[in-house]
There are 4 protein chains.
Amino acid sequence: MGTPAAQDAGPRRVPRPRADALRNRERIVTAAREMFVEFGPFAPLDDVARRAGVGNATLYRHFPDRDALVHGVVLAVMSSVNDQAERAAAEEADTFDALVRFAHAAAGERIGALCPMLSSGFDGHHPELVAERARLEVSVQGLVTRAQEAGRLRTDVAVGDLMVALSQLTRPLPGVGCLDIDQFVHRHLAIFLDGLQAPARSALPGKAATLEDLRSDP
Amino acid sequence: MGTPAAQDAGPRRVPRPRADALRNRERIVTAAREMFVEFGPFAPLDDVARRAGVGNATLYRHFPDRDALVHGVVLAVMSSVNDQAERAAAEEADTFDALVRFAHAAAGERIGALCPMLSSGFDGHHPELVAERARLEVSVQGLVTRAQEAGRLRTDVAVGDLMVALSQLTRPLPGVGCLDIDQFVHRHLAIFLDGLQAPARSALPGKAATLEDLRSDP
Amino acid sequence: MGTPAAQDAGPRRVPRPRADALRNRERIVTAAREMFVEFGPFAPLDDVARRAGVGNATLYRHFPDRDALVHGVVLAVMSSVNDQAERAAAEEADTFDALVRFAHAAAGERIGALCPMLSSGFDGHHPELVAERARLEVSVQGLVTRAQEAGRLRTDVAVGDLMVALSQLTRPLPGVGCLDIDQFVHRHLAIFLDGLQAPARSALPGKAATLEDLRSDP
Amino acid sequence: MGTPAAQDAGPRRVPRPRADALRNRERIVTAAREMFVEFGPFAPLDDVARRAGVGNATLYRHFPDRDALVHGVVLAVMSSVNDQAERAAAEEADTFDALVRFAHAAAGERIGALCPMLSSGFDGHHPELVAERARLEVSVQGLVTRAQEAGRLRTDVAVGDLMVALSQLTRPLPGVGCLDIDQFVHRHLAIFLDGLQAPARSALPGKAATLEDLRSDP
DNA sequence: TATGAATGAGATTTCATTCAT
DNA sequence: CATGAATGAAATCTCATTCAT
């Protein structure tokens, strides 16, 4: 006490998570992400724990139930996707090329695996999720807006359309890899992106999907 | 034996299914199709039976296990889809319009629900399935070929590309209807179809998917 | 159809539970009652099922969760106790003797084992429970009232006092039979019953407990 | 070694427990006593530790397993009860009044919570327990003997009867406070004490319980 | 020493499938 | 043939206890 280190914080309140605990949490999220991509969001949690190399109860310490784990994985994927969006915006000269690069990068991040996770009990109002969505607003929405202003992207679509179709087209098929969908993903994405270029050949039914529409319970 | 009734078949060989048994089978397939669309291919079979209004053991009499039931549903969906393809080919003058009409009709038939079913243990060599695929060969393949020959469809895609993307884009989200995907399906399909029109704006990665590629275990 | 048996009931609605199912249900309740007496209301349900000689899932078919099972056991015990009360009232000449006989009989029925069960999630408003309590109202309340009117029972106690003290004094000690409480139960009950005889030697603190006070959530 | 400090003990033999360790032990026993009264003797030990405001491992340092903790709590309760007995004997003129006062005081000390604890693996021969029982012998046994010699207490009961009935009548109902038993405890105790006064109205079945009978494994 | 984290064993509950009426 | 009931295997989750910081 009285040391400089003790000044800016109360005495050992929230005593900084231990290094090994952080590493375990990381490993669990990684394992869960892989398992969910491969077997869907109902992969046995014991298997997730085994793949992460921890006991099952350790998993439950970090994530009290499946929904919490799904939440963690969704956050991780969204974060990666946002990273990709920011990188694409920064490094790509042409506005549509940036979109294309982002889309294929997001496919690589297995963004399609998010879809089935959203079906689980899911709190769309969780602060962390709201924050990550705000980041998405800035990055991907930016990509879309700039491409539209440059006349490179048809104006009857919105960012939600891009995200949903991107996710659907890249959704994995849970279970064993009979009919490996991955080999087709980038083809179909390319076709869809072609369809996104202005001018529109056909009038689109329905209304453009905004980010708000992607909220679980609006 | 020897009686007129026994002429075309041995005694009590295939004793012609009773009318109520046939109706039960039909109701089970219908119920299973709805449940699989709503909850995915792992919906509890007892629930399927309850929705069909029969006892669970009756379900098991008609379909010895889940795979058999999935098989039945897949056949039913493929059959409906083939019907739609034949109708579109017969009634639509423009070759690409026929494709468009077929695609939206197939989306209405919930073809996307097939995807997760293909993950189950699935015998791609089953005679009925082979037969239905042959019908697909004639109908949808015909739509594609004609549109390509008429210069209305880019030539670097194949029928497998259409079927897979069509299925993926229309896949339902299992669970409660948070984020109702259905409202977007036809939009995204329209965009994808725009992308399918010739000439191609971008070179497609990978190779075109044929019907053969859609076999579960190639 | 058209038979007399089919007249008074719609066609096979609520098709009368099967004999073996009824027997199983009975066996489960009996086993649970024994286990709860011996190990308390948190005895493993698998053990209950094993003692009943059925599979665990059979237990869950009859009683969806522990509370339902506890409910069933409580009903069974209350029913037995009510039987004892009616018999004592019918066969015993002296009004206080009837109370005494009932109390010891109820102790033999292990009424004390009810106490810890009431701690579980427990629906005091369940119709069956309400009915059984009404029966208690008639029988035990009758015993108490008559004894009081005959001047054989102090008038500053009520039926709730009797039931609670009777239950408490005869509560089993869960776990192995170290310190076998059973050998003392009837002694202490006799002393308490002595204290119940008029005239009161001491003023009682608090207010008399009615049957209403024994409702879980009043 | 050889230093003055090491004279009365070998080097670092029983190095006198630190003040904070003692305080922790105290807090753990208090918390455990409260939790056991409220939730029974199987309250999660992590919860006990949390209520005590210490880490779970600290609890395990002081009490290697649940039985050790139960042992500690039982000792604490017995000690309090003995205190009450000595005070009642010293301050109350009438011998039966002393018993009455002691009984109600013991009820206030939650002596009833001891009952379920005796079900746990319990070493009745532990020296500390033997010592505390000896103290009980002197204090409560003294109260009983004196009242009997004064003709104020029926002679067919023994101190074990008093202790067991007293404990049973004041046992708490674990779980949430539906049916709050506490409001009735002192009523029933008063009735029981009335029944304890001489002369006996009824012959008691069984044999009087001595302190020896309360040993866990006789 | 005190602590948060980790762990495996066990309890509850669900469900695909078989049995008996 | 149709049905309700029964079953075991597996999944989720809890908790007493040990480990490492």
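The figures that follow rest on heavy atoms only: side chains count, while hydrogens, waters and symmetry mates do not. Since the model is a prediction, treat every value here as computed from it, not as a measurement. Throughout, protein chains are lettered first and strands after them, A, B, ... in sequence-line order, and every chain is numbered starting at 1.
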Next on the checklist: Whole angstroms only, please: what is the CG-P distance between D:Asp65 and F:dT17?
Outcome noted: 6 Å
Item to check | Any side-chain heavy-atom pair of B:Phe63 and B:Val29 under 4.5 Å | outcome: yes
Item to check | Position toward the 5' end of DNA chain E (nearest nucleotide), A:Asp20 or A:Asp46 | outcome: A:Asp20
Checklist entry - How far apart are the C-alpha atoms of D:Arg33 and D:Thr30, what are their side-chain angles, what is the distance that settles it, and do they pass the side-chain contact (heavy atoms from CB on, under 4.5 Å) test? => result CA-CA 5 Å; D:Arg33 185 170 171 175; D:Thr30 302; 5.8 Å; no
Item to check | Nucleotide of E:dT17, F:dA16, F:dC13 approaching D:Pro44 most closely (side-chain heavy atoms) | outcome: F:dA16
Checklist entry - Starting at CG of D:Asp67 and ending at C1' of F:dA16, how long is that distance when rounded to a whole Å? => result 12 Å
Next on the checklist: Could you measure the distance from the CZ atom of A:Arg27 to the CG atom of A:Leu59? Nearest 0.5 Å is fine.
Outcome noted: 12.5 Å
Checklist entry - C:Arg66 side chain: which of F:dA6, E:dT12, E:dT17 is closest? => result E:dT12
Checklist entry - What integer distance in Å separates C:Phe42:CZ from F:dA16:P? => result 13 Å
Item to check | Atom pair distance, as rounded to whole Å: CG in A:Leu69 and C1' in F:dA11 | outcome: 15 Å
Checklist entry - E:dA5 P sits how many Å from D:Leu45 CG, rounded? => result 19 Å
Next on the checklist: Do the side chains of C:Asp20 and C:Arg23 get close enough for a salt bridge, i.e. N-O under 4.0 angstrom?
Outcome noted: no
Checklist entry - Can you check side-chain contact (heavy atoms from CB on, under 4.5 Å) on C:Leu75 and C:Leu129, steps first, answer last? => result CA-CA 7 Å; C:Leu75 276 185; C:Leu129 203 53; 3.7 Å; yes
Checklist entry - Between residues 48-63 of chain A and DNA chain E, which residues have a heavy-atom gap below 4.0 Å? => result A:Val54, A:Gly55, A:Asn56, A:Ala57, A:Thr58, A:Arg61, A:His62
Next on the checklist: Taking Watson-Crick (N1-N3 plus N6-O4 or O6-N4) and G-U wobble (N1-O2, O6-N3), each under 3.5 Å, can you produce the dot-bracket string of DNA chain E? Use [ ] for crossing pairs and | for inter-strand ones.
Outcome noted: .||||||||||||||||||||
Checklist entry - Which value, rounded to the nearest 0.5 Å, describes the distance between A:Glu34 atom CD and A:Phe39 atom CZ? => result 11.0 Å
Next on the checklist: Quick one, C:Asn56 and C:Leu45 - any side-chain contact, counting heavy atoms below 4.5 Å?
Outcome noted: no
Checklist outcome for this item: Smallest heavy-atom separation, A:Arg66 atom then A:Phe36 atom, equals NH1-CE2, 4.1 Å
Checklist entry - So do B:His71 and B:Met117 actually touch side chain to side chain, heavy atoms under 4.5 Å? => result no
Checklist entry - What's the spacing between D:Arg61 CZ and D:Ile28 CD1 if we round to 0.5 Å? => result 11.0 Å
Checklist outcome for this item: Within residues 23-35 of chain C, those residues having any heavy atom closer than 4.0 Å to DNA chain E are none
Checklist entry - D:Arg51 and D:Glu38: salt bridge (charged side-chain N to carboxylate O under 4.0 Å, His left out), yes or no, with the steps? => result CA-CA 13 Å; D:Arg51 176 185 282 234; D:Glu38 189 168 355; 3.6 Å; yes
